[in-house]
Structure formats: C-alpha cells, structure tokens
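We name chains A, B, ... by the order of the sequence lines, and we start the count at 1 in each one.
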Amino acid sequence: MDRIKTKNFSLEHTLECGQVFRYSKRDDFYYLVAGGRVIQLRQEGEFLYYHGASEKFIRTYFRLDEDYERIVKELKKDRHVAKAIEKYSGLRLCRQDPWECLISYICSAASNIPRIKGNIENIARNFGKKIALNGFESHSFPEPADIKELCTIKSCGCGFRSGYILETAKKTGREKIKGLRCLPYEDAKKELMELPGVGEKVADCVLLFSLGFDEAFPIDVWVKRTMEKLYFRGRKTSIKDIRKFALEKFGRYAGYAQQFLFHAERNG
DNA sequence: CGTCAGGTAGCCA
DNA sequence: TGGCTACCTGAC
C-alpha cells in the first residue's frame with residue numbers, strides 16, 4: 001500500500017459523519033467505492049495508507065490540500081461548534097462525484113442510512129459495472145443514460161423516489177451538474193431544484209458534498225432540532241429563519257459547521 | 001406488527 | 001409565503 005502523511009485528518013470521522021454512503025469497514029480497512037473503483041484505506045496516526053487510487057485522487061477526494069486550520073479557527077468562534085470540532089477533529093468534507101451525490105441524496109428523502117446505502121448499492125449492482133479490489137467486490141455507480149427502467153429502479157427498494165431518480169437521470173447529465181460549479185451559489189441551487197425529487201435540502205447536500213459550495217447549509221430534521229436547541233432556546237423555528245441565522249453566523253464555512261453539528265447531534 | 005424515517009411536490013388558505 | 005399531507009417500504 002502507498003501512504004501519505006496527513007495533518008488534521010481523521011479517516012474515521014470523515015467517512016462516518018454521514019456525508020458518504022458507499023463505504024464499509026472490513027478487517028481494519030475501510031473500502032470506499034469512488035471514481036469507478038474500490039479504494040482500500042487505513043489510517044495509522046498521521047499516515048493514511050491507500051490502495052486502488054492515485055495520490056492525486058485521494059488528496060482531491062478528501063480535500064487534503066486545503067487550509068483546515070483556517071476553517072476551524074474561524075468556526076471555533078462559536079462555542080457549540082467548537083465543542084463538536086474538539087470531539088470530531090479531522091472531519092473533512094469530501095469532494096464526491098456530483099452525479100452520484102445527486103442520486104444518493106434523492107434517495108435520502110424520508111429514509112435512513114442503512115436503507116439509503118442499500119438503495120445505492122442496488123442501483124450500482126443493477127446498472128453499474130462490476131469492480132473489485134483484494135477480494136472486495138462492488139459495482140461502479142452507473143451513468144445517467146444507464147439508469148433506465150422504472151421497475152428495475154423500484155426493485156432497488158427506492159420506493160416513491162424511483163420516479164424522481166428516473167426523471168432526473170433523463171433530464172440531466174454529468175457535465176451539466178459539474179458545470180454548476182461555475183455559477184454563484186443561489187443560481188446553482190436554483191438549477192438543481194428544477195430536477196424532480198430535488199428540494200432545498202437535497203440541493204444543498206449536492207452543493208456542499210460534491211460541488212465545493214462550503215456556504216451551503218443543508219437543514220434536515222436533525223440539524224433543525226440541533227439549531228433550535230442551541231441557538232433558539234428550544235423554540236420551533238422555520239427552516240428559512242434557521243438558514244438566515246446560519247449564514248450570518250457561520251458565513252462562508254457554514255457547511256462545515258453544519259456537518260460538525262450534525263455529526264455531534266447524531267452521535268451524542 | 002405498528003411506527004416512523006437525513007424530504008418533496010402539490011394543493012389550499 | 002406558510003402550512004398541511006400523501007408518498008414506498010424497510011429498519012427498529
């Protein structure tokens with residue numbers, strides 16, 4: 001295995017904070033399916049051992065070349081986020097594939113992590129290509145044009161989201177989604193929300209986890225609860241007001257704040 | 001065996 | 001704009 005020396009990076013917190021679905025742990029290794037291949041990973045201290053991908057891919061995917069300290073310093077001004085950062089230090093947002101990220105988060109609507117993971121694996125098995133590494137078998141995530149029949153999508157356990165997946169696959173393409181990087185945040189978000197099954201929350205997830213919009217602040221039930229508890233004296237607050245508050249408070253790194261708070265809330 | 005889920009779309013005041 | 005509710009089905 002190759003290795004890179006890292007700083008301010010936790011493989012465990014990064015993979016298990018809920019942003020990524022296609023990973024699993026087996027015999028002290030993490031197996032991540034990304035970029036059309038299986039990647040074997042393991043962290044020992046500051047060294048990240050990897051196999052199945054280039055160093056460049058690893059650095060890009062985990063955003064290792066970014067100035068983490070600067071982001072953290074900025075966010076630690078808030079005591080609640082500071083507490084979460086202490087506990088989950090080294091958690092980094094990833095640069096996922098935008099197309100896969102889009103479909104994954106369409107699947108996430110009114111669902112739960114085990115089911116979402118299953119949905120995505122099934123979609124890959126039905127429409128993707130077989131891939132393997134060191135005995136770990138999986139399937140690459142399919143191209144938009146390869147996701148075809150509604151009944152096959154339904155057989156993946158996607159339920160009422162199946163129609164959204166099919167229509168979104170028809171309506172958009174890889175390049176189209178990737179191209180949103182060039183737009184201002186609000187415009188990119190508006191474009192995404194034109195797609196069926198994509199509302200504010202899913203759009204923000206795609207913008208944050210795959211397109212590098214760190215100001216995106218996805219608000220799901222967990223984040224809503226947490227924000228109400230920490231900043232609104234436990235009062236019921238509209239998503240609109242929470243978003244406004246978050247953007248003013250956390251600014252350009254709101255997404256990082258969201259991910260720390262989300263992870264801390266779900267794990268205690 | 002019921003309940004509820006990492007939301008969205010559609011309809012109505 | 002703001003507040004409902006139905007929507008599939010599998011985890012718990």
### Task
Go through the N and O atoms of the side chain of A:R161 and the base of C:dC7, and report whether any donor-acceptor pair is under 3.5 Å.
no

### Message
Could you check whether A:E194 pairs with A:K171 (Lys NZ or Arg NE/NH1/NH2 to Asp/Glu carboxylate O, under 4.0 Å)?
### Response
no

### Query
Taking the side chain of A:N112 as heavy atoms from C-beta outward, which of B:dG7, B:dA5, C:dC12 is closest to it?
B:dA5

### Message
What I want to find out is whether A:K189 reaches A:E186 closely enough, with some N-O distance under 4.0 Å, to be called a salt bridge.
### Response
no

### Query
If you measure from the Lys or Arg side-chain nitrogens to the Asp or Glu carboxylate oxygens, is any gap between A:R22 and A:E121 under 4.0 Å?
yes

### Query
What is the distance from CD1 of A:I116 to C1' of B:dG7, rounded to the nearest Å?
11 Å

### Message
Base contacts versus sugar-phosphate-only contacts with protein, heavy atoms under 4.0 Å: please encode nucleotides 8-13 of chain B as B, S and - from 5' to 3'.
### Response
SS----

### Message
Show me the dot-bracket string of DNA chain B, counting Watson-Crick or G-U pairs under 3.5 Å, with | for pairs to another strand and [ ] for crossing ones.
### Response
.||||.|||||||

### Message
Tell me if the centroids of the rings in A:F209 and A:Y105 come within less than 6.0 Å of each other.
### Response
yes

### Message
Rounded to whole Å, how long is the line connecting atom CG of A:N119 with atom P of C:dG10?
### Response
9 Å

### Task
Give the rounded distance in Å between these two atoms: NZ of A:K117 and P of C:dG10.
18 Å

#### Entry: Residue pair A:E215, A:Y185: steps toward the side-chain hydrogen bond (donor to acceptor under 3.5 Å, both in side chains) verdict
CA-CA 8 Å; A:E215 70 267 51; A:Y185 166 71; over 6 Å; no

### Message
Does A:G118 reach a base, just sugar-phosphate, or nothing at all? Heavy atoms under 4.0 Å.
### Response
nothing

#### Entry: A:R115 (side chain) and C:dC8 (base): donor-acceptor pair under 3.5 Å
yes

#### Entry: Gap between atoms CG and C1', on A:D204 and B:dG7 respectively (whole Å)
13 Å

### More than 12 heavy atoms of other groups within 6.0 Å of A:D27 CG
no

### Query
For the residue pair A:F245 and A:F232, is the inter-centroid distance of their aromatic rings smaller than 6.0 Å?
yes

### Task
Indicate, with a heavy-atom threshold strictly under 4.0 Å, whether A:I106 touches base, sugar-phosphate, or nothing.
nothing

### 5'-most by nearest nucleotide on DNA chain C - A:S238 or A:C158
A:S238

### Message
When you measure from the side chain of A:K154 to the backbone of A:R161, do you find a donor-acceptor pair of N or O atoms at a distance under 3.5 Å?
### Response
no

### Task
Consider only side-chain N and O atoms of A:Y31 and A:Q40, and report whether a donor and an acceptor are under 3.5 Å apart.
yes

### Query
How close or far is atom P of B:dG7 from atom CH2 of A:W222, stated in whole angstroms?
11 Å

### Whole-Å P distance, B:dC11 and C:dC8
15 Å

### Query
A:D241 has an atom CG; how far is it from atom P of C:dG3, in whole Å?
10 Å

### Message
Could you tell me how far apart A:I239 (CD1) and C:dG3 (P) are, to the nearest whole angstrom?
### Response
11 Å

#### Entry: A:R115 versus A:N112, side-chain donor and acceptor atoms under 3.5 Å
no

### Interatomic distance where CG belongs to A:L261 and C1' belongs to B:dG6 [whole Å]
15 Å

### Message
Base, sugar-phosphate or nothing for A:Y105? Non-hydrogen atoms, less than 4.0 Å.
### Response
nothing

### Query
Taking the same atom, P, in B:dG6 and in C:dG3, what whole-Å distance lies between them?
23 Å

